[in-house]
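First comes the structure, then the notes that go with it.
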Amino acid sequence: MSDRGQELIEQRQAKLERLRASGCDPYPARYQRTHTTQEAVQALQTAEDKGATPQEEIEVSLAGRVTAMRLMGKRTFIDLRDGTGKIQTDLREDVLGDESYQAFVDAVDIGDFVGVSGTLFRTRSGEITVHARQYAFLAKTLRPPPEKWHGLQDVEVRYRQRYLDLMANAPVRDIFHLRSRVVAAIRHFLNERGFLEVETPVLQPSAGGAAAKPFVTHHHALDRDLYLRIATELHLKRLIIGGLDRVYEIGPVFRNEGVSTKHNPEYTLLESYEAYADYQDVMKLVEEMVAYVAQQALGSLKVPYGDAELDLTPPWQRLTLRQAIEERTGIDFEAHADADSLRQAMAPLGVEVSETAGRGKLIDELLSTFVEPQLIQPTFLLDYPLEISPLAKRKPENPNLVERFEGFLAGREIANAFSELNDPQEQRERFLEQARLRAAGDEEAETVDEDFLIALEHGMPPTGGLGLGIDRLVMALSGQQSIREVILFPQLRAKE
RNA sequence: GACCGGGUAGCUCAGCUGGUAGAGCAGCGGACUUUUAAUCCGCAGGUCGUGGGUUCGAGCCCCACCCCGGUCACCA
């Protein structure tokens, strides 16, 4: 910290000591509020609407952070903000007394938490204001807050010290209020449909259910490595097997991969499983759920997106993955039965692909490069290649494809779902194929989960399963282009 | 991991072709009893990301490193 920064802290510490010396506790244990700032504003508006006369005074005690001060000699205006809003308070020397007024002015800083009690009135310019008769310091601050007008712009500080970002930037607060409403709406939607919310282990002996590298940790007492989950899928299916016919979990999963505007190593995933449903049923569930969430959280099914808008009204566009890729690249992957053939067909497109990529990886490359960025309006792509879908059930009429869809919105994948594979023998074969890929160097291949296979052998009903990225959904609904803007504490490199 | 851009006062930002570091807000002192980014007068405040180098002289040029952002790679 520079001398200047230290000087600003010392000035505030001196004020703190002055308060203490005068017998004032700068950090009292409690303060009795009668109103939030919002309630106080409403109280006066309600009284005015009823035609109250100015003589019928409304007494309030409220508390908040000082966000602005206008000192005018014998009178000082202070803006107080709490979690509900902001109100102006008016402190006058002739009301508080010389000594008390001066003590306040000498000690207060922007950022301090202060309580004020008095009566409500409107200033000449119409601002609802508390005419203060008493004040109390509730928490003295020792560091200066970000600048009031431009807010906090430095993205590094915004992410590392998110509290400053929330303090200074109202639109940031709005995003996280929105995020909370989104999650609440999802829970309400699923609960109403008879889904049971459950929690499954974060620490797992082997991490399965998705193609991703896990984080490894170690349990000392058991002296064994454990993995942070990369998905909740395999445990939720065990619950379906156990007879909990509709289950869901909302929680963090951890994937040991790079960060980008679309990826954070830990993110929040919704997974749901419904017995006796297939992927067509899940598709309807997703579009209805997202529409419901938007209506609840935003009050509209139309969401601004740049100059255009996203229209979430069901039904969403549906097309097969095969059609989508052929329309945008001219390549029909069904006409290329092996990786070499497909790689040759892709050569003119100029995409870089690794020499070792299998046919499924190549198809996925076509999807993510040429199709996904163009899927702005909500769209379902159906019927994915078997080799990149080891947990999904085959299409009866085409054994190379599975009953799987992904949902896209704002050019990003937000959902992935399938008719779950419930044939234990086929699941075992699929795992063994994954094990071969892993042995060949694919760190993201599924591991054979023997315990899960035993569970499947006890019988799982036909089931439709879903994974939906909460962060990406919130990105689309809030118009954000970076996942860091919708995660309170995104992953950053540790700083000395 | 590669490439591009960025890091200057507590905050927001200027800083020319290399010539002794600037503003606004915040702070401190003063004036001020209807302000709303209050206003007015004055003052103070800098390891220019870090470390080397070139130069008479570096915020600016060169090298290395750190951190952030973006693109790519990675990531169904």
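Just so it is clear: chains get the letters A, B, ... in the order the sequence lines come, proteins before strands, and each one is counted from 1.
Counting non-hydrogen atoms under 4.0 angstrom, A/Glu257 reaches the backbone sugars and phosphates but no base. Residue A/Thr261 is classed as a sugar-phosphate contact, given heavy-atom separations below 4.0 Å to backbone atoms only. Using a 4.0 Å heavy-atom cutoff across all strands shown, A/Gly360 reaches no nucleic acid atom at all. Here A/Met69 lies in heavy-atom contact (under 4.0 Å) with sugar-phosphate atoms only. As judged by a 4.0 angstrom heavy-atom cut-off over every strand, A/Lys15 is placed among residues touching the sugar-phosphate backbone only. Residue-level contact check: A/Ile388 touches the bases, meaning some heavy atom is under 4.0 Å from a base atom.
Look at B/rU55: it lacks any Watson-Crick or wobble partner with both distances under 3.5 angstrom. Under the Watson-Crick or G-U wobble criterion, with both distances below 3.5 Å, B/rC48 is left unpaired in every strand shown. Of all nucleotides present, only B/rC41 satisfies the Watson-Crick or G-U wobble test against B/rG29, with each distance under 3.5 Å. When both distances must be under 3.5 Å, the Watson-Crick or G-U wobble mate of B/rA2 is B/rU71. Searching all strands for a Watson-Crick or G-U wobble partner of B/rU12 with both distances below 3.5 Å returns B/rA23.
Looking at A/Glu334 and A/Arg359, a side-chain N of the basic residue comes within less than 4.0 Å of a carboxylate O on the acidic one, giving a salt bridge. Salt bridge annotation for A/Lys140-A/Asp109: present, with a cationic side-chain nitrogen under 4.0 angstrom from a carboxylate oxygen. Under a 4.0 Å N-O distance rule, the pair A/Arg18/A/Asp106 does not qualify as a salt bridge.
Looking only at atom types and distance, the side chain of A/Thr84 has no donor-acceptor partner in the side chain of A/Gln38 under 3.5 Å away. No hydrogens or angles considered: a donor-acceptor pair under 3.5 Å links the side chains of A/Tyr267 and A/Arg255. One side chain, A/Thr369 or A/Glu365, offers a donor N or O that lies under 3.5 Å from an acceptor on the other.
Between A/Arg430 and the options A/Glu426, A/Gln434, A/Gln427, a side-chain hydrogen bond (donor to acceptor under 3.5 Å, both in side chains) holds for only A/Glu426. A side-chain hydrogen bond (donor to acceptor under 3.5 Å, both in side chains) with A/Arg122 holds for exactly one of A/Glu48, A/Glu127, A/Gln45; it is A/Glu48.
Rounded to a whole angstrom, the distance from the P atom of B/rU12 to that of B/rA26 is 15 Å. Rounded to whole Å, the P atom of B/rG24 lies 16 Å from the corresponding atom of B/rG45. Taking the C1' atoms as reference points, B/rG1 lies 36 Å from B/rA9, given to the whole Å. As rounded to the nearest Å, B/rC48 and B/rC61 have P atoms that lie 16 Å from one another. The same atom, C1', is picked in B/rG59 and in B/rU8; the two are 7 Å apart, to the nearest Å. Comparing the C1' positions of B/rC74 and B/rG15 gives a spacing of 40 Å, expressed to the nearest Å. Here, B/rC62 and B/rG6 have their P atoms 12 Å apart, quoted to the whole Å. The separation of B/rA44 from B/rG27, taken at their C1' atoms, amounts to 9 Å, rounded to a whole angstrom.
Residue A/Glu156 places its side chain closer to B/rC67 than to any other of B/rA76, B/rC67, B/rG69. Set against B/rC11, B/rG69, B/rA44, the side chain of A/Pro146 has B/rC11 as its closest nucleotide. Side-chain proximity of A/Gln11 to B/rG27, B/rA76, B/rA38: nearest is B/rG27. Nearest nucleotide to the A/Leu8 side chain, out of B/rA76, B/rG10, B/rC68: B/rG10. Side-chain atoms of A/Ser482 lie closest to B/rG70 of the nucleotides B/rG70, B/rC28, B/rG10.
An OP1 or OP2 oxygen of B/rC66 is reached within less than 4.0 angstrom by no side-chain nitrogen or oxygen of A/Arg493. The shortest distance between the side-chain N/O atoms of A/Lys361 and the OP1/OP2 oxygens of B/rA76 is not below 4.0 Å. A sub-4.0 Å separation between OP1 or OP2 of B/rA76 and a side-chain N or O of A/Lys262 is absent.
For A/Arg472 (side chain) and A/Lys262 (main-chain N/O), a donor-acceptor pair under 3.5 Å exists by modelled atom type.
Mapped onto RNA chain B by nearest heavy atom, A/Ser260 and A/Ala210 fall at different nucleotides, with A/Ser260 at the one closer to the 5' end.
A donor and an acceptor atom sit less than 3.5 Å apart, one in the side chain of A/His263 and one in the base of B/rC75.
Within residues 366-387 of chain A, no residue is approached by RNA chain B to less than 4.0 Å at the level of any non-hydrogen atom.
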Q) What is the per-nucleotide protein-contact pattern of nucleotides 30-35 of chain B, from the 5' end, where B denotes a base atom under 4.0 Å from a protein heavy atom, S denotes such proximity for sugar-phosphate atoms only, and - denotes neither? A) --BBBB

